[in-house]
Q: 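Mind looking over this structure? Questions follow.
Just so we're on the same page: letters track the sequence lines, and every chain starts at 1.
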Amino acid sequence: MEKKIRVRFAPSPTGGLHLGGVRTALYNFLFAKQHGGDFILRIEDTDQSRYVPGAEEYINESLKWCGLEPDESPLKGGPLGPYRQSERKSIYREYADQLVKSGKAYYAFDSPEELETMRSKYRTADNPSPQYDRRTREHMRNTLSLTFEETERLMAGNTAHVIRIKMPDKEIVYLQDMIRGEVIFDTSLLDDKVLLKADGMPTYHLAVVVDDYLMKITHAFRGEEWLPSAPVHVLLWRYLFGEDLMPEWAHFPLILKPDGNGKLSKRDSARLGIPIFAMDWKDPATGQTITGFRESGFLPQAFVNMLAVLGWNDGTEQELYSLDDLVDKFSIDRVHKAGARFNYEKAKWFNHEWIKRFSTHALVPFVKKVFEENNLRVANDASLIPVISLIRDRCSLLGDFYIQGKFFFTAPQQWDLNAIRSKWNGQKADFFKEYIEILDKIPEWNAASLESAFKAIAAEKNIKAGELQLPLRIMLVGEKSGPPVFEIAAILGSAETIKRIRSLINSGSLQ
RNA sequence: GCCGCGUUGGUCAAGGGGUUAAGACGCAUCCCUUUCACGGAUGAAUCACGGGUUCGAUUCCCGUACGCGGUACCA
């Protein structure tokens, strides 16, 4: 009997969830579901100074919006909780102490000032960031450098201290990564990372290992920025639980800025005017809002789809996947090794494709919401149906439905007269007066009959129908582009169409 | 600096010892459309560079360059 697959997404509640985070969650989710396993959400809130109110709720809601709901989480609970590290504080100390007892870790009493002193003392051009490691620890205040009596005295006096891992002198740590293969580290180049902070909270390094063990995690997936500290985690597994119980690792490539260098950050959002977060995030400290994909008019399916293929593909030409398709097709070993630059144009293309995939009916609630956000009340949903089916192919973002469709519900506020004024004349005015009369008693109100009546009068008056279509469009829409005019008139209905034609003719603006 | 991970068109990428080096986004042109879009068609890369190995390398090996990440009592 195989062990049940269990994976976790473990964000820090320090702000909005950005693209990379959602993708990490997505890949974890897909892997779990594909193997009939569990997807766990664990909140890594061990840094109390970085606590941001609302961030955890934001994470919950973002995952929900994306359809990536965890099987176990702080909100939902579960057998191996609590799922918030701040609530597990008492657990970690025991493991840290165990490491000290076995000689794999030690107490260090250095203050932040002392650490800074050490760093500036050893800092050179060749070594810009001196580490607390096998070379320097002898000069610091810790169990290894102090006498037994000195440490006893410090401990008895409740001196603030941390617990640091004692990095072995010369050992090779092998890490088997599902994406990158074997990665090798030399421990003599690594530093003595803090495991337990002075406030009693664990650092990430201790917490992941202990929690992954306690929560029976079988596969640990995270962003590539964690690769350099992976050997610390391997060592901790070896010391605490044995490497045979260690989860399999995979480090996902980073998502890079659309332009320039570096990984995508929330600052790019305002700078480039593109969403970075799943949903709008209002920073409680600054009051500033960073825009999200949801509010930018993305369908969650499109957002997830776009994210999935940013760094992964199944080897075929397929690009459009539902979440179910992804559960079926996703595979870790086809995840790219190199970072991928985020491309907003392509993201919009995905949304467009998904809008086309949705049925008109399914689009109604989204469109209705967009209209309402623009203070346009829609009396009944049914009136939206013909509008949506007419304009859906020209919409990439949900907001486009408002831009492309608002004139169906509200007469143009202004007309683009420059487009027609130069060619306007009394003859054309006469044409429209006559057309209105015909429209008033046209037997069948549909695009085809509206068009044939239009052409018949045009022929009769010897005017090119093409020259009359633009004026008609301006009358109905106000602008010179949009869906076919007669289709528009068909939806607008007799009374409204006549009213709009008359409105411009009688306005005197074309004289 | 040191350590780790990368490097196929502007971007996402398939491929992998012998190919006309897929496809998508974007761009350009054309067709469709008496509007604008949608849609359709066409066009643009010798695979970072230098050495090997080989009959033959974009594909394997080694260097170099470049990019990214890490180097916190942050995750």
Q: At under 4.0 Å between heavy atoms, what does A:Arg334 touch on the DNA or RNA strands: base, sugar-phosphate, or nothing?
A: sugar-phosphate

Q: Using a cut-off of 4.0 Å on non-hydrogen atoms, how would the nucleic acid contact of A:Lys337 be classed: base, sugar-phosphate, or nothing?
A: sugar-phosphate

Q: Quick one: label A:Gln469 by what it contacts on the DNA or RNA (base, sugar-phosphate, nothing), any heavy atom closer than 4.0 Å.
A: base

Q: Suppose we define a pair by two distances each less than 3.5 Å, Watson-Crick or G-U wobble; what does B:G56 pair with here?
A: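 Result: none.
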
Q: Between A:Lys348 (NZ) and B:C38 (P), how many Å, whole number?
A: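 Taking NZ of A:Lys348 and P of B:C38, I get 12 Å after rounding.
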
Q: Measure from the side-chain heavy atoms of A:Phe185 and tell me the nearest of B:G4, B:U34, B:G26.
A: B:G4

Q: Is A:Leu468 touching bases, backbone alone, or none of the nucleic acid, heavy atoms closer than 4.0 Å?
A: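 Since no nucleic acid heavy atom lies under 4.0 Å of A:Leu468, the category is nothing.
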
Q: Is A:Leu470 touching bases, backbone alone, or none of the nucleic acid, heavy atoms closer than 4.0 Å?
A: nothing

Q: Which is true for A:Ala338 with a 4.0 Å heavy-atom rule: it touches a base, it touches only sugar-phosphate, or it touches nothing?
A: sugar-phosphate

Q: Verify whether the ring centers belonging to A:His219 and A:Tyr27 lie closer than 6.0 Å.
A: no

Q: Nearest heavy-atom pair of A:Asp133 and A:Leu190: which atoms, and what distance?
A: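 The answer is CB-O, 3.8 Å.
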
Q: Given B:G4, B:U71, B:A75, identify the nucleotide with an atom nearest to the side chain of A:Lys193.
A: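 So the nucleotide nearest the side chain must be B:U71.
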
Q: Does A:His336 make a side-chain N or O approach to OP1 or OP2 of B:A14 shorter than 4.0 Å?
A: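 Yes, within the criterion.
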
Q: Which one, B:G1, B:C12, B:A75, comes nearest to the side chain of A:Ala340?
A: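 Output: B:C12.
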
Q: Just verifying a value: how many Å separate A:Arg164 CZ and A:Leu99 CG, rounded to the nearest 0.5 Å?
A: 14.5 Å

Q: NA contact type, A:Ser481, heavy-atom cut-off 4.0 Å: base, sugar-phosphate, or nothing?
A: base

Q: With a 4.0 Å cut-off on heavy atoms, is A:Gly262 in touch with a base, just the backbone sugar-phosphate, or nothing at all?
A: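 Result for A:Gly262 = sugar-phosphate.
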
Q: Would you mind telling me which of B:A13, B:C74, B:G10 lies closest to the side-chain atoms of A:Lys197?
A: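 Among B:A13, B:C74, B:G10, the one nearest the side chain of A:Lys197 is B:C74.
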
Q: Could you check B:C49 for me: syn (within 90° of 0) or anti?
A: anti

Q: Looking across every strand, which nucleic acid part, if any, lies under 4.0 Å from A:Val485 by heavy atom: base, sugar-phosphate, or nothing?
A: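 Touches nothing.
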
Q: Among B:C73, B:G69, B:A14, which nucleotide has an atom closest to any side-chain atom of A:Val162?
A: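 That would be B:C73.
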
Q: Nearest whole angstrom, please: distance from the P of B:G69 to the CG of A:Asp177.
A: 18 Å

Q: Is there a Watson-Crick or G-U wobble partner for B:U35 with both distances under 3.5 Å, and if so, which one is it?
A: none

Q: Answer yes or no: does a side-chain N or O of A:Arg50 lie under 4.0 Å from OP1 or OP2 of B:A75?
A: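 No.
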
Q: Would you indicate what A:Pro253 reaches in the nucleic acid, counting non-hydrogen atoms under 4.0 angstrom: base, sugar-phosphate, or nothing?
A: nothing

Q: State whether A:Trp424 and A:Arg421 meet the cation-pi test: NZ (Lys) or CZ (Arg) under 6.0 Å from the six-membered ring centroid, and within 45° of the perpendicular axis.
A: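 The answer is no; the distance or angle limit is not met.
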
Q: Mind checking the C1' distance from B:C30 to B:A22? Whole angstroms is fine.
A: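 Per the computed distance, 24 Å lies between those C1' atoms.
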
Q: So does A:Asn313 get a side-chain nitrogen or oxygen closer than 4.0 Å to the phosphate oxygens (OP1/OP2) of B:A14?
A: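 For A:Asn313, the contact criterion (side-chain N or O under 4.0 Å from OP1 or OP2 of B:A14) is met.
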
Q: Give A:Lys356 one of three labels, base, sugar-phosphate or nothing, depending on what nucleic acid heavy atoms sit under 4.0 Å from its own.
A: sugar-phosphate

Q: Distance check, P atoms only: B:A75 and B:G70, in whole angstrom units.
A: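 About 14 Å, rounded to a whole number of Å.
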
Q: Categorize A:Asp126 for me: base, sugar-phosphate, or nothing, with a 4.0 angstrom heavy-atom threshold over every strand shown.
A: base

Q: Work out how far the P atom of B:U54 is from that of B:C47, and round it to whole angstrom.
A: 22 Å

Q: Let's see if you can work this out: which of B:U11, B:G15, B:C5 has an atom nearest to the side-chain heavy atoms of A:Arg341?
A: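 Ranking B:U11, B:G15, B:C5 by closest atom to the A:Arg341 side chain puts B:U11 first.
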
Q: Parallel, tilted or perpendicular: which describes the rings of A:His251 and A:Trp249, with under 30° parallel and over 60° perpendicular?
A: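 Parallel.
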
Q: Need the pair for B:U20. Rule: Watson-Crick or G-U wobble, both distances under 3.5 Å, any strand; none if unpaired.
A: none

Q: For B:A75, does either OP1 or OP2 sit under 4.0 Å from a side-chain N or O belonging to A:Thr46?
A: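 Result: yes.
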
Q: Between B:C5 atom P and A:Glu224 atom CD, what is the distance in whole Å?
A: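 Taking atom P of B:C5 as the reference, CD of A:Glu224 is at 10 Å.
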
Q: Considering every strand shown, what is the Watson-Crick or G-U wobble mate of B:C49 when both distances are under 3.5 Å?
A: B:G63

Q: Looking at the side chain of A:Pro484, which of B:U34, B:U35, B:C5 is the nearest nucleotide?
A: B:U35

Q: For A:Tyr402, does the six-membered ring have the charged nitrogen or CZ of A:Lys406 within the cation-pi criterion, i.e. under 6.0 angstrom from the centroid and within 45° of the normal?
A: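 Judged by the rule, A:Lys406 and A:Tyr402 form a cation-pi pair.
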
Q: Given B:A75, B:U71, B:C38, identify the nucleotide with an atom nearest to the side chain of A:Gln131.
A: B:U71

Q: Nearest 0.5 Å, please: how far is NZ in A:Lys337 from CD1 in A:Ile179?
A: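 Output value for this atom pair is 8.5 Å.
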
Q: Rounding to an integer number of angstrom, what distance separates B:U33 and B:G18 when you compare their P atoms?
A: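 Between the two P atoms, the distance is 46 Å.
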
Q: How many Å lie between CG on A:Leu320 and C1' on B:C25, as a whole number?
A: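 My rounded result for the distance is 13 Å.
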
Q: By nearest nucleotide on RNA chain B, pick out whichever of A:Asn127 and A:Arg473 is the more 5' one.
A: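 Whichever sits nearer the 5' end wins; that is A:Asn127.
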
Q: Take the protein atom CD1 of A:Ile255 and the nucleotide atom C1' of B:C5, then report the distance between them rounded to whole Å.
A: 17 Å

Q: Base, sugar-phosphate or nothing for A:Arg119? Non-hydrogen atoms, less than 4.0 Å.
A: sugar-phosphate

Q: For A:Glu353 and A:Asn305: C-alpha separation, side-chain torsions, deciding distance, then whether side-chain contact (heavy atoms from CB on, under 4.5 Å) applies.
A: CA-CA 10 Å; A:Glu353 292 300 315; A:Asn305 189 160; over 6 Å; no

Q: Work out how far the C1' atom of B:U20 is from that of B:C25, and round it to whole angstrom.
A: 23 Å

Q: Less than 4.5 Å apart, side chain to side chain, heavy atoms only: is that true for A:Ile43 and A:Pro74?
A: yes

Q: Using the P atom on both, measure B:C5 against B:A41 and round to a whole Å.
A: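 After rounding to an integer number of Å, I get 43 Å for this pair.
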
Q: Identify whether any heavy atom of A:Arg164 sits under 4.0 Å from a base atom; if not, whether one sits that close to sugar-phosphate; answer base, sugar-phosphate or nothing.
A: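 Result for A:Arg164 = sugar-phosphate.
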
Q: Which is it for A:Glu460 and A:Phe431 under the side-chain contact (heavy atoms from CB on, under 4.5 Å) test, yes or no, and what are the steps along the way?
A: CA-CA 10 Å; A:Glu460 197 180 293; A:Phe431 168 89; over 6 Å; no

Q: Take atom C1' in B:U53 and the same atom in B:A45, then report the distance between them in whole Å.
A: 27 Å

Q: Going by purine N1 to pyrimidine N3 plus the second Watson-Crick contact, or the G-U wobble pair, all under 3.5 Å, which nucleotide sits opposite B:C27?
A: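 B:G43 - that is the nucleotide pairing with B:C27, both distances being under 3.5 Å.
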
Q: Which residue lies toward the 5' end of RNA chain B, A:Glu345 or A:Asp191, if each is placed at its nearest nucleotide?
A: A:Glu345

Q: Which value, in whole Å, describes the distance between the C1' atoms of nucleotides B:C31 and B:G69?
A: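 Going atom to atom, C1' in each nucleotide, I get 48 Å.
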
Q: Determine which nucleotide pairs with B:G1, using a 3.5 Å limit on both distances of a Watson-Crick or G-U wobble pair.
A: B:U71

Q: Choose from B:C25, B:G23, B:G69 the nucleotide whose nearest atom is closest to any side-chain atom of A:Glu225.
A: B:G69

Q: Output the single nucleotide from B:C2, B:G23, B:G6 whose closest atom is nearest the side chain of A:Leu189.
A: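 The listed nucleotide nearest to A:Leu189's side chain is B:C2.
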
